[in-house]
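The block underneath contains the structure these notes are about, expressed in structure tokens.
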Amino acid sequence: MTIKRIGAWVDRRGVGSDWRRWLEVAVNLGLTDVSLCAHAQDAGKPFDPFVPAVKLANIVKAYAAAGVRAHLMFWPQPRAAHAGVLLDYLHDVRDVAGDALTSAELDVEEQWTRSMWRLLHGKAVAQLYRTRWPSDLPLVVNGITAALPKY
């Protein structure tokens, strides 16, 4: 078996002030894919990205120029306000990054397994993601196994 692609998840440092260092590490390791974390998993708090959308889009373009597929990773919450701001941000990144952005990932975790908000609002929020997701952007959903059917 031949390995054709190998990737890594990079925390907030991947989009921080030393993001070029992490890009260099990815290139030196021969990574083909990098998933960049766009915000903290602040349960119950408003969506608050680490960097403005234009900066993240330019980082994504730098990865693509170096031959590394860039993916974004988000921790969605079962709250319409959070989803709306996250989706607006994603669209802004996509508008600037274009095809350099390979996909985006929703990492569904405890917010979708243990939260009363999921029971009350989860279906409507999941539908919001379905209807407002950029139509040409692949969506990856992962997380705690118990959360996936609920999401």
Return the minimal non-hydrogen interatomic distance between [X] and [Y], and the atom names on each side.
| X | Y | value |
| --- | --- | --- |
| His91 | Arg132 | NE2-O, 2.6 Å |
| Tyr129 | Pro76 | OH-CB, 3.4 Å |
| Val51 | Tyr89 | O-OH, 2.7 Å |
| Gly14 | Tyr63 | O-OH, 4.3 Å |
| Gln77 | Lys45 | NE2-O, 3.2 Å |
| Leu128 | Gly84 | CD2-N, 4.0 Å |

Flag if over 12 foreign heavy atoms under 6.0 Å of CZ, Arg12 = no
Give a yes or no on this: more than 12 heavy atoms of other residues, nucleotides or ligands lie within 6.0 Å of atom CD of Glu24.
-> no
Indicate if [X] and [Y] have the same hydrophobic cluster label, given that clusters are the connected sets of ILVMFWY residues with side-chain heavy-atom separations under 4.5 angstrom.
| X | Y | answer |
| --- | --- | --- |
| Leu23 | Ile6 | yes |
| Leu137 | Ile59 | yes |
| Val68 | Leu29 | yes |
| Met73 | Val15 | no |
| Val125 | Leu139 | yes |

Results of side chain to side chain contact (heavy atoms under 4.5 Å, CB included) for Ala57 - residues two or more places apart only =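 Ala57: side chain to side chain contact (heavy atoms under 4.5 Å, CB included) contacts with Val93, Val96, Ala97.
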For Ala26, does its backbone N or O pair with a side-chain atom of Trp22 as donor and acceptor, under 3.5 Å?
->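 Not a single qualifying donor-acceptor pair exists.
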Going by the angle between their ring planes, with limits at 30° and 60°, are Phe74 and Phe47 parallel, tilted or perpendicular?
->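 It falls in the tilted class, 30° to 60°.
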Which residues satisfy the side chain to side chain donor-acceptor pair (under 3.5 Å) test with Arg20, sequence neighbours excluded?
->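 Listed in chain order: nothing, the list is empty.
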For a quick test of your reading: what N or O donor-acceptor pairs under 3.5 Å do the side chains of residues 99-106 make, sequence neighbours left out?
from, atom 1, to, atom 2, distance (Å)
Thr102, OG1, Ala70, O, 3.3
Ser103, OG, His71, ND1, 2.6
Glu105, OE1, Ser35, OG, 3.4
Glu105, OE2, Asn142, ND2, 2.3

